[in-house]
Amino acid sequence: MSFKTTGVSVTQKITSQHGEWSSRFAFILAATGSAVGLGNIWKFPYITGENGGGAFVIVYLLCVVAIGIPIMIAETMLGRRGRESPINTMASLATEAKAHKNWRYLGWMGVIAGFLILSYYSVIAGWALSYVGKSFVGSFSGEDASTISAIFSDLMNSPVEQIFWHSIFMLATMLIVARGVKSGLETAVRFLIPTLFVLLILLVGYAMSTDFYKQGLSFLFSPDFSEIDADAVLTAMGHAFFTLSLGMGAIMVYGSYLPKNISIAKTSIIIAGADTLVALLAGIAIFPLVFANGLEPSAGPGLIFQTLPIAFGHMSGGWLFGLLFFILLVLAALSSSISLIEPAVAFLVENKKIARTKACIVMGFSTWAVGVTVALSFNVWSDVSIFGKDIFNLLDYITANLMLPLGGLCIAIFAGWIMKPEHSAAELDLPDTNYFKIWKFLITYVAPTAVFIVFVHVIGII
Ligand code: PHE
């Protein structure tokens, strides 16, 4: 292993106690697996629909480029330098920078955010799992939009069915994490991402064949800025964090398994690019179907479940493609869910000296329990409202819109203002000092200011 001496402090760990990725490609696969998930295929289309389309997409893309990529570079870099769970990494990097130990609470906030996100993420992944079953028995074949919508409503109205599939998904997540995120993951994602791309392109092809293709595209790409307010901008920014898995330590913990000689900047750009492409393809495939079938773009979390099965029900070979699509969606969700829980598990193993399996059981069970309340919020508890939101929307808002951007803001402040530039420069090891200057400028000024301004505006409207 190559080991640079410039800027490396005496206390710095060379490898992680949890092991390392076998190659640059393995890291790209794992981090892309974390980034690409329900956020791209389920969440991006429905929040775009709720927030009026094009203008929202532009704000989201701007956030990915100006805030997301610099913070992804920073978060990976902090992880690789600390080589421990985010809590311990932040504590040791704070010591190295002679800053306050309280920086470790940034790690804690991430662990809590990951826990809360996974609780509802698993319920939605459960919906996808139930759609694997429905595709298999041919529930969608030849059906029209209203029958497809009724199938979705039946699922929403059944707490038992949702909790059942949520439990299976949670169990699968725990089994993988107990074995260690690295074994199995590399091979799974290697096949997953390319196949997902192919299927999405196929769906885009189908959407193109409808008469509503142009309408779908113009909804997605012609901006009307009167459609968005401060809260929509916050949602777009929050989604940039969510979809890139930033601000809660997932990318930090994956970075901590990254061998020394790999370029963090290049890999971050590749991962963010692939993630954005998947989201845009999903949008391009879905909105023509929304308009062709007289559905509302603002239908909410059920949007993809009410549109895509119509396409599968009508295209030739649709049974197979539908089945494959929902299987891949579940796998994409799994490769993200394991990264949501990994920071907590790594911390329990490091600090409580308990076995990985036990750490997984503890975390898995508590996440599952919160998830049950989320499943109930779609039916029996649908009128339980806290701050004007049901349990699902509340958890989503607190985590994606508040905790992740706040976590990202703190990461940017730490990397830009607290960490010694010679340390970040040595860790990033960019081929050209101008690249470093650009990143340093974005992380020190642009990213924190942007997040701060959005927060201030939202507080202004509350
Ligand atoms: N990025 C994942 C997705 O888009 C979700 C996620 C968020 C994963 C935060 C890890 C951390 O589905």
Side-chain angles (χ1 to χ4, degrees), residues 28-48 60 63-64 67-69 71-72 75-76 79 85-86 106-107 109-128 169 173 176-177 181 185 189 192-193 196 200 235-255 268 271-283 301 304 328-346 363 367 395-408 411:
I28 293 182
L29 283 176
T32 311
S34 167
V36 174
L38 296 174
N40 310 60
I41 295 166
W42 158 76
K43 193 172 179 190
F44 171 71
Y46 101 74
I47 55 175
T48 300
Y60 153 74
C63 289
V64 167
I67 309 177
I69 295 178
I71 292 186
M72 184 178 256
E75 196 174 327
T76 317
S85 71
L106 174 56
M109 183 170 74
V111 164
I112 296 168
F115 168 77
L116 294 176
I117 294 174
L118 184 55
S119 70
Y120 70 80
Y121 202 85
S122 168
V123 174
I124 312 295
W127 298 356
F169 184 82
T173 303
I176 301 177
V177 181
V181 285
L185 181 76
V189 180
L192 171 73
I193 305 285
L196 200 61
L200 279 173
T235 306
M237 181 180 77
H239 188 64
F241 283 95
F242 185 90
T243 191
L244 296 174
S245 305
L246 297 178
M248 53 69 66
I251 289 297
M252 200 185 285
V253 86
Y254 277 12
S268 298
I271 295 160
D275 185 79
T276 309
L277 195 60
V278 172
L280 293 178
L281 284 176
I304 65 158
L328 289 173
L329 187 58
V330 171
L331 293 178
L334 260 179
S335 65
S336 302
S337 65
I338 56 180
S339 72
L340 281 162
I341 204 79
E342 177 65 15
V345 171
M363 288 312 302
T367 317
L395 284 177
D396 181 41
Y397 192 89
I398 293 179
T399 52
N401 292 12
L402 303 180
M403 292 176 92
L404 298 186
L406 187 62
I411 288 170

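One-based numbering, in listed order, for ligands and for the atoms of each.
In this structure, S119 has no side-chain hydrogen bond (donor to acceptor under 3.5 Å, both in side chains) partners at least two apart in sequence or on a different chain. Partners of S337 under the side-chain hydrogen bond (donor to acceptor under 3.5 Å, both in side chains) rule, at least two apart in sequence or in another chain, are T173. With sequence neighbours excluded, the residues satisfying side chain to side chain contact (heavy atoms under 4.5 Å, CB included) with A333 are L38, Y121, A125, F169.
Looking only at side-chain heavy atoms (C-beta outward), V36 and T243 stay at 4.5 Å or farther from each other.
Side-chain contact annotation: S245 with S34, donor-acceptor N/O pair under 3.5 Å present.
F242 and H239 have parallel rings, their planes meeting at less than 30° on a 0 to 90° scale where 60° marks the start of perpendicular.
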Check ligand 1 for close polar pairs with the protein: N or O on both sides, less than 3.5 Å.
{"from": "ligand 1", "atom 1": "1 (N)", "to": "S34", "atom 2": "O", "distance (Å)": "3.2"}
{"from": "ligand 1", "atom 1": "1 (N)", "to": "A35", "atom 2": "O", "distance (Å)": "3.0"}
{"from": "ligand 1", "atom 1": "1 (N)", "to": "F242", "atom 2": "O", "distance (Å)": "2.8"}
{"from": "ligand 1", "atom 1": "1 (N)", "to": "T243", "atom 2": "O", "distance (Å)": "3.2"}
{"from": "ligand 1", "atom 1": "1 (N)", "to": "S245", "atom 2": "OG", "distance (Å)": "3.0"}
{"from": "ligand 1", "atom 1": "4 (O)", "to": "A35", "atom 2": "O", "distance (Å)": "2.9"}
{"from": "ligand 1", "atom 1": "4 (O)", "to": "G39", "atom 2": "N", "distance (Å)": "3.3"}
{"from": "ligand 1", "atom 1": "4 (O)", "to": "N40", "atom 2": "OD1", "distance (Å)": "3.4"}
{"from": "ligand 1", "atom 1": "12 (O)", "to": "L38", "atom 2": "N", "distance (Å)": "3.1"}
{"from": "ligand 1", "atom 1": "12 (O)", "to": "G39", "atom 2": "N", "distance (Å)": "2.8"}
{"from": "ligand 1", "atom 1": "12 (O)", "to": "Y121", "atom 2": "OH", "distance (Å)": "2.5"}

